[in-house]
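Written out below as structure tokens is the structure these notes cover.
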Amino acid sequence: MSAARTPYPHRHLLGIDGLSRPEIETLLDLAEEAVAVSRRVDKKRSVLSGRTQINLFFEASTRTQASFELAGKRLGADVMNMSVASSSVSKGETLIDTAVTLNAMRPDVIVVRHHHSGAVHLLARKVSCSVINAGDGSHEHPTQALLDALTIRRNKGRIEGLTVAICGDVLHSRVARSNIILLTQLGARVRVVGPSTLLPPGVERMGVEVHRTMESGLRGADIVMMLRLQRERMNGAFVPSLKEFSRFYGLDEEKLQWAAPDALVMHPGPMNRGVEIDSAVADGPRSLVTEQVEMGVAVRMAVLEALSHNLPNG
Amino acid sequence: MNSAASPALALLNARLLDPATGRIETGGAFVENGVIVEAGAKVTQANVGARTQAIDCAGDIVCPGLIDMRAFVGEPGATHRETIASASAAAAAGGVTTIVATPDANPPVDAAATVDYLMRRAREKSRVRLLPSAALTKGLAGLEIAEIGLLREAGAVAFSNGARSVGSAQVMRRALTYARDFGVLVIHLAQDADLAGAGVMNEGEFASRLGLPGVPPEAEAILLDRDMRLVRLTLGADANGARYHAALVTCGMSLAVIAQAKAQGLPVTCATSINHLTLNETDVGDYRTFLKIAPPLRSEDERLGLVEALASGLIDVIVSDHDPQDVEAKRVPFSEAEYGAVGLETMLAAGLRLVHAGQVSLGRLIGAMTLRPAEILGLPQGRLAKGAPADLIRFDPDEPFVVDAAKLRSRSKNTPFDEARLQGVVKTTMVGGRIVGP
């Protein structure tokens, strides 16, 4: 590590909320190095050699779990995946029981995804190892925000001063919350765009501009960040229909024209093609979607490395 | 509780607080056979004689014991959370001398036999007066009117739907109309279940930041407004309207509804909880489940509005909303955690925060915990008057202490005030002339 770099002083990464700008920049700089490592033939490092990492996923995930697994392995950790679908948690065993049980196996890092907001915080209070939040309910998904920031920074050369439009189901999105906090912290102008039924109450007090139409929300935007719309939220409860949502809020070539001429498009995946994003855009020249996936591994390596310095005997 | 005749006892050298006037005077209280014989400046060591047992109160406040209109006591059916013995021990420690038990037991208190059972258990196990309230609707399901007449005969002092609201306006109208004919008090927690939806805390920026679904204050005000109109429907040329007591109001919109109803002369009163008066939504902090209550803690602006309404008398009553929850019900993610907080033991000291902050007078605070509930329930206690039941407490309003959840007498320790610095220590709790605590 270079001397000028602000150390990451926390034991956990539970959210972007609470991180300072220099701490975020430290993680992004570390991730840049991890990108280089990941592009080599020999991707193996020994930062986490001898360490045990458990990926504890209470909610199904393919890409995030794979990304954390690869990140851990590239740093030399022994990685164990535990997928506990919420419905199949053995009767009677609570989240805390699970945490205490795993803790007794002396892992160094637990990566947790849970369907309830705050569940990862609760777990972190009960274990003696480091905890990384891989998404809790509608609350935070800090590594997604970091990988998005890294992707933006690499493509635009900066984050400060950019206009970023976060579009769609902001209400239920932990990706949106973490991105709002991170991007405003780094000086971007953040807009949220969507029908009011999918915007969180009081969101205007979170330092963002609120737009109810794609035309006003995308106008002049440098980055258009689409969010996934959960299928169960499409039919009548929050928006009238899939067809209506995609007509007014789905990103297609036509709507993208409202954005800046060099605007880039992002999506955390998995995409509902034809709903919130049209295939022509998702696979088009302005899409950063696959680069986001690559940056995901790098950012998770960076976070693991940063946390490793704060582990006992680290 | 043993109601046999009690010996003569004098509380001397006290600052007597009379909730009827709000005034404080130096003096004493002389009690015998369970009632107050004399209270005032005349009650001194010289006047009571050397043979009477006397307690030197050393300038502490002496006032009627608190009457808590809303406490869950665990019986029947939830004794892992609370028992009448443990609830009454908590009450005695907190200066609460009368508890109105909520009907959300298992089974719900919707049959005369259950009221009988509770009253028998109270006689055997309770240190303080425990009065059952009964279900307004059968099984608290909000579909059919409970046996209001029979339940009243058995000893129910009020009728409520507990923690649940009656969603159907038709059922509520009939229940209020029927209750009016029997002259009973209806206590209702107004919260529109549809609008509250999956919400687990107050709607707004703070809930949004935590990624938790919110409950807007409108969910409360809409149903309360409906209820006021239904109470109005029970008015007739030959009948007073149904006596309606809003179990918990937590927002300015609800206060406006109550103010309007009172201005129209409707027989309406309201309460708020000690939690809503002294805590706000930001106290939820890092998903602290002990702060998860229903209706949810509101914004600081709303809290200040409640304090103001208490000071003005628009809010009649303060309740503990004592709701013990066992450890496992709270050691889960916030959305999954049960609602509720214990409060019997801390309600006085928490309320004194408002007095020490200069926001509410001591007389007004105590009045909302003694005389007003007594008047609403039609009880003789809660008064510092000759012949009134000798339910008295003595406390030092200034003595500081730190709340230690582990030391609470309640069977459950889910206090939102754990490690809080409070002032106000109860020194003596007397029920019917007998010292029962702390």
Say you draw a straight line from CZ of B:Arg331 to CZ of A:Arg125; how long is it, rounded to the nearest 0.5 Å?
11.5 Å
Heavy-atom closest contact (A:Pro200 atom, B:Ser208 atom, distance):
CB-OG, 3.3 Å
What part of A:Arg177 gets within 4.5 angstrom of chain B, counting heavy atoms only: side chain, backbone, both, or neither?
side chain
Answer key: most heavy-atom pairs under 4.5 Å with chain B among A:Gly15, A:Gly202, A:Gly118, A:Ala119 is A:Gly118
May I ask you to decide if the ring planes of A:His139 and B:Tyr287 are parallel, tilted or perpendicular, using 30° and 60° as cut-offs?
perpendicular
When heavy-atom pairs shorter than 4.5 Å are enumerated against chain A, which of B:Leu212, B:Asp286, B:Val332 gives the highest number?
B:Asp286
Closest heavy-atom contact between B:Glu205 and A:Met206?
CG-CG, 4.3 Å
Give me the atom names and distance for the closest heavy-atom approach of A:His116 to B:Glu336.
NE2-CG, 3.1 Å
Looking at A:Arg21, I want to see if its CZ is surrounded by more than 12 non-hydrogen atoms of other residues, nucleotides or ligands under 6.0 Å.
yes
Minimum heavy-atom separation for A:Ser117 to B:Leu210, with atom names?
CB-O, 3.3 Å
Chain B contact via A:Asp17 - which portion, at a heavy-atom distance below 4.5 Å
neither
